[in-house]
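Working notes for the structure below.
To find a chain, count down the sequence lines: A is the first, B the second, and so on, and within it residues start at 1.
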Amino acid sequence: MKTVRLSVPAGEVNLPLCVRTGQVFRWYEIQGLWAGMANDALLIVNPEGNRWSLSAVGGEPIPLFTHLFRMEVDLKSVQVQLIRRDSRWEQWVRALPGLRLMRWTSATECLFSFLCTPANNLPRITGMIERLCERYGTPIAEWGGRQWHAFPTVERLAQAEEADLRALGFGYRARTLIEVARALQAREPNWLESLAELPYWDAKQALMTLPGVGAKVADCVLLFGLNHNLAVPVDTHMWQAMQKWVLPELRGKSLTERTYRQIVDWFHERFGEWTGWAHQYLFTAHLLESQRKGE
DNA sequence: CAGGTC
DNA sequence: CCTGG
């Protein structure tokens with residue numbers, strides 16, 4: 001495993017902030033390094049100073065890192081755009097230096113991972129996905145005193161037994177995962193990936209034909225896995241943040257199809273193609289605040 | 001109940 | 001409607 005160096009200007013990436021805030025689920029801090037699985041590749045990062053060392057198994061470290069963290073995007077200019085479009089974003093940009101919108105390498109992995117998130121929390125989601133990969137994924141590498149497994153293939157998941165998944169702690173999601181795997185097999189190959197080429201609303205509608213995929217999960221897969229920067233996943237954090245800090249007229253209302261759409265429309269009007277990034281700053285600000293308060 | 005989907 | 005905290 002060869003190690004390469006990459007110049008990372010100060011403030012361009014805060015790695016822990018990016019990988020521990022619900023955008024991705026397979027990153028761990030091990031012996032002062034950060035290791036993450038992206039589908040079938042292992043990336044190991046030493047985020048120190050402005051010359052980071054990167055190594056990878058199953059991929060080229062620099063292209064992989066660049067893809068996952070969207071390093072082609074200049075963070076400073078994103079931040080300027082957000083603040084220019086709505087000055088309230090300045091406080092969240094300041095509070096979250098180095099926060100980036102992540103990009104998965106596999107839409108399939110992204111879909112199955114976010115299917116695990118409804119009515120769930122980060123530690124439990126992480127554990128579920130880890131056990132899923134250990135049980136159904138091929139071993140990729142041994143590093144840092146543990147085995148690293150690829151994310152299971154659709155074929156493997158389609159053959160899984162519901163009882164086995166329940167034993168791994170998936171609860172009612174066990175059935176959904178298997179159903180979605182079989183649904184994907186029944187469609188054309190690359191059906192999921194092809195949604196990246198559709199307009200946002202069409203892609204969202206198509207995704208929501210899958211069992212277990214509602215508006216929120218669909219938006220997560222569109223934003224993180226299919227490069228749809230118009231997607232706005234409205235979960236409880238986004239909903240509360242919007243009511244408290246952005247759209248007071250939502251106070252007293254509940255999150256329905258209508259209010260969900262009202263929020264998406266508002267983001268599109270205000271932020272256009274920067275919607276996904278704007279969402280990420282607001283979401284993370286509320287997530288961290290709720291963690292501080294111990295909610 | 002809180003979080004999501006049906 | 002499900003369901004784990």
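- Minimum atom distance to the side chain of A:R124 is reached by C:dG5, of the listed C:dT3, C:dG5, B:dG4.
- Annotation: A:F271 is in aromatic contact with A:W89 [ring centroid separation under 6.0 Å].
- When each of B:dG3, B:dG4, C:dG4 is scored by its nearest atom to the side-chain atoms of A:A119, the top-ranked nucleotide is B:dG3.
- Atom-to-atom, CD1 of A:I125 to C1' of C:dT3 comes out at 14 Å; the value is rounded to the nearest Å.
- Atom CZ of A:R173 is separated from atom P of B:dC6 by 13 Å (rounded to the nearest Å).
- Distance, A:R175 CZ to B:dG4 P: 21 Å, rounded to whole Å.
- For A:H268 and A:Y200, the distance between ring centers is under 6.0 angstrom.
- Looking only at side-chain heavy atoms (C-beta outward), A:V73 and A:R100 come within less than 4.5 Å of each other.
- Paired with A:W104 under the rule ring-ring contact (aromatic ring centres under 6.0 Å, His included), one option of A:F224, A:F112, A:F114 passes, and it is A:F114.
- To the nearest angstrom, P of B:dT5 lies 8 Å from OH of A:Y172.
- Between B:dA2 and A:T236, no contact under 4.0 Å exists linking OP1 or OP2 to a side-chain N or O.
- Computed from coordinates, the A:H286 NE2 to B:dA2 C1' distance equals 14 Å when rounded to whole Å.
- Rounded to whole Å, atom P of B:dA2 lies 18 Å from atom CG of A:L287.
- Whole-Å rounding puts the A:N120 CG to C:dT3 P distance at 13 Å.
- With B:dG4, C:dT3, B:dG3 as the candidates, the nucleotide lying closest to the side chain of A:R166 is C:dT3.
- With rounding to whole Å, A:L122 atom CG is found 14 Å from C:dG5 atom P.
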